[in-house]
There are 2 protein chains.
Amino acid sequence: MTQFDLTSYLRQSRRQVEAALDRYLPLQYPEKLYESMRYSLLGGGKRLRPILCLTTNQMCDGTSAMALPTACALEMVHTMSLIHDDLPAMDDDEYRRGQKTNHIVFGEDMAILAGDALLAYAFQLIAEQTVGVSPERVVRVLGLLGKAASGAGLVGGQVVDLASEGQDIALETLEYIHIHKTGALLEVSVISGAILAGAAEAEIERLTRYSRCIGLAFQIKDDLLDITGTQQELGKTAGKDLRDHKATYPSLLGYEGACKRAEQLFEEAVAELAIFGKRAEPLTALAEYIVRRSH
Amino acid sequence: MTQFDLTSYLRQSRRQVEAALDRYLPLQYPEKLYESMRYSLLGGGKRLRPILCLTTNQMCDGTSAMALPTACALEMVHTMSLIHDDLPAMDDDEYRRGQKTNHIVFGEDMAILAGDALLAYAFQLIAEQTVGVSPERVVRVLGLLGKAASGAGLVGGQVVDLASEGQDIALETLEYIHIHKTGALLEVSVISGAILAGAAEAEIERLTRYSRCIGLAFQIKDDLLDITGTQQELGKTAGKDLRDHKATYPSLLGYEGACKRAEQLFEEAVAELAIFGKRAEPLTALAEYIVRRSH
């Protein structure tokens, strides 16, 4: 599709993000809390949200000083949602990213508190550490991140997801779940990068549509991988959706239908990037990665 | 001490705060989540944090349009910490503000998610709804709120509190717990009101010291009330600290010693308000209320 070397781009970007996460969240008193936060935050993962933010920011002529705190904050909010979703009172998962889940290692109380602290710190980090961006834009990003992390975003998606377990649900409900549970944070990952760089509103609108397409494609691919992947590849319990009788895209559209829908969304996403010309190569490659990845 | 009619001031302020909380968080889809959030947020309470914010803002010549979103956000963060602290994995409490705790009514999963959503929405609310304040000041308030709600604030205090249960702890550790668990959010309640109104740095410094004194006095009074109060007066299980062998100010300083320390802190708090003259009457009365309240 593209000559852009995504593998080395991802490796380099991940290294940058992980160094920044380590720097922004050093071990400190009370150590057990920060060990728990760092365990989940630094324990691997694709770093897709921070990379989307940094990549979009760069495409819109931003600098990493503008976007790095927000990029890391996005990963903190994402990590918070994983820690809390894995709790016994929710999905009750023992493995995540190939490691024992946070509450298995640190206890339920610490896992709840580590999630809370990561969520609050994400906002502190953006407010205190963003450099070279007008405060208007910082406030806009903080508002969008708050929305994506609250009832209008990932928490709303998780609530409907929990309520739908073991139920027959319509495609409409499934899309609500994913647009909120996964899509909202992916969307703010992309557009925060553009806002921080001072992109024009027309560009932000294109990128919003791009992010919605890749958000849905990401979830469809996740559902497909749950069927075809192994626990080792996924770093989490495989085949769990089927076992839990969860509604998924393949269960509603069939395996082939879901693959086709993901490809269609990829094409739509790439079409939105046309106005950016050659500068959109990395975002195009990221969209391709999202629908074609093997874990 | 003062001729200011605190009772009617508190009644009026509470009414203003509760109307705004209801307006900022209407019932919406998914209803069960918002019912759970509204149950704890609108279920009574002293509304001390929003009232401190509004009162300070007014003293510094602010308007309620400037401070009301932040005032309500402070109550949302406070409510989140109560919902999560009451969970079985933490303090395992059945009653709060005279009502069944959130997880008893809505289940543990919903209580965790309602807390998460309140925390994230607090930041969204300030970022989106604050009117008539320069974005620099809004960013500063968002950063301070993030800090007060994270590991450097109330989560850090709760972690050390949980680790200290049933242990002999030094006065130093007890002060760490309270400065973080209660003090940090009370401090940002006061100074956010001043920042939003555009107060001078020298005024903000005075108010920071005022807020630290009343924060500690508030906690000492809470400990004293746990000994002398009834469940009906407190709206939560009384005598719990003693039963749980929790370190408290009375257990470390003696009952009389703790009373004396609270009075001393009140005097120190009031002294910091001298530069504001007669305009400080409401904040003086609030300090008095904090050390002399009966619940």
Side-chain angles (χ1 to χ4, degrees), chain A residues 25 28-30 32-34 36-37 77 80-81 84 87-90 103 107-128 130 134-156 158-160 162-163 176, chain B residues 25 28-30 32-34 36-37 77 80-81 84 87-90 103 107-128 130 134-156 158-160 162-163 176:
Chain A
L25 198 76
Q28 57 201 278
Y29 184 81
K32 206 187 157 196
L33 170 66
Y34 287 90
S36 167
M37 293 164 78
V77 172
M80 173 285 297
S81 78
H84 283 187
L87 286 167
M90 304 240 238
H103 64 93
E108 264 184 76
D109 51 354
M110 198 58 72
I112 295 166
L113 290 167
D116 293 349
L118 283 168
L119 180 56
Y121 184 59
F123 295 95
Q124 181 190 349
L125 181 61
I126 296 173
E128 288 184 351
T130 304
S134 75
E136 283 90 340
R137 289 184 197 143
V138 178
V139 170
R140 185 171 172 192
V141 166
L142 286 162
L144 289 172
L145 182 63
K147 189 173 179 185
S150 74
L154 55 89
V155 174
Q158 173 71 353
V159 167
V160 178
L162 286 171
Y176 176 92
Chain B
L25 197 74
Q28 58 202 277
Y29 183 82
K32 207 188 156 195
L33 170 66
Y34 286 90
S36 167
M37 293 165 78
V77 172
M80 172 286 294
S81 78
H84 284 188
L87 286 166
M90 303 240 238
H103 64 94
E108 263 184 78
D109 52 353
M110 198 58 73
I112 295 166
L113 290 167
D116 293 348
L118 283 168
L119 180 56
Y121 184 59
F123 295 95
Q124 182 190 349
L125 182 60
I126 296 173
E128 288 184 352
T130 303
S134 76
E136 284 90 338
R137 288 184 197 142
V138 178
V139 170
R140 184 170 171 191
V141 165
L142 286 162
L144 289 172
L145 182 63
K147 188 172 179 185
S150 73
L154 54 87
V155 173
Q158 174 70 352
V159 166
V160 178
L162 287 170
Y176 176 92

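Below, read A as the first sequence line, B as the second, and so on, with proteins coming before strands; counting in each chain starts at 1.
- The shortest side-chain heavy-atom distance between A/Thr130 and B/Val139 does not fall under the 4.5 Å cut-off.
- Counting heavy-atom pairs closer than 4.5 Å to chain B, the top-ranked of the candidates A/Ala122, A/Ala120, A/Pro88 is A/Ala120.
- Annotation: maximal heavy-atom pairing with chain B below 4.5 Å, among A/Tyr176, A/Tyr121, A/Tyr29, A/Phe123, occurs at A/Phe123.
- For A/Met37, no part lies near chain B; criterion is any non-hydrogen pair under 4.5 Å.
- Heavy atoms only, all atoms of each residue included: A/Ile112 and B/Ala89 are closest at CD1-CB, 4.3 Å.
- Counting heavy atoms from C-beta on, the side chains of A/Met110 and B/Leu162 never come closer than 4.5 Å.
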Taking distance alone, no hydrogens or angles, what donor-acceptor pairs closer than 3.5 Å link side-chain atoms of residues 140-155 of chain B to residues at least two apart or in another chain?
from: B/Arg140; atom 1: NH1; to: B/Glu201; atom 2: OE2; distance (Å): 2.9
from: B/Arg140; atom 1: NH2; to: B/Glu201; atom 2: OE1; distance (Å): 3.2
from: B/Ser150; atom 1: OG; to: A/Gln124; atom 2: OE1; distance (Å): 3.4
from: B/Ser150; atom 1: OG; to: B/Gly146; atom 2: O; distance (Å): 3.3
from: B/Ser150; atom 1: OG; to: B/Lys147; atom 2: O; distance (Å): 3.3

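- Heavy atoms of B/Glu136 lying under 4.5 Å from chain A belong to its backbone as well as its side chain.
- Interface remark: A/Glu108 contributes backbone and side-chain atoms alike to the contact with chain B (heavy atom separation under 4.5 Å).
- When each of B/Val138, B/Asp116, B/Val77 is checked for heavy-atom pairs under 4.5 Å with chain A, B/Asp116 comes out on top.
- Options A/Glu128, A/His103, A/His84 differ in how many heavy-atom pairs under 4.5 Å they form with chain B, and the most are formed by A/His84.
- Contact of the B/Leu33 side chain with the A/Gln158 side chain is not registered, since no non-hydrogen atoms from C-beta on lie closer than 4.5 Å.
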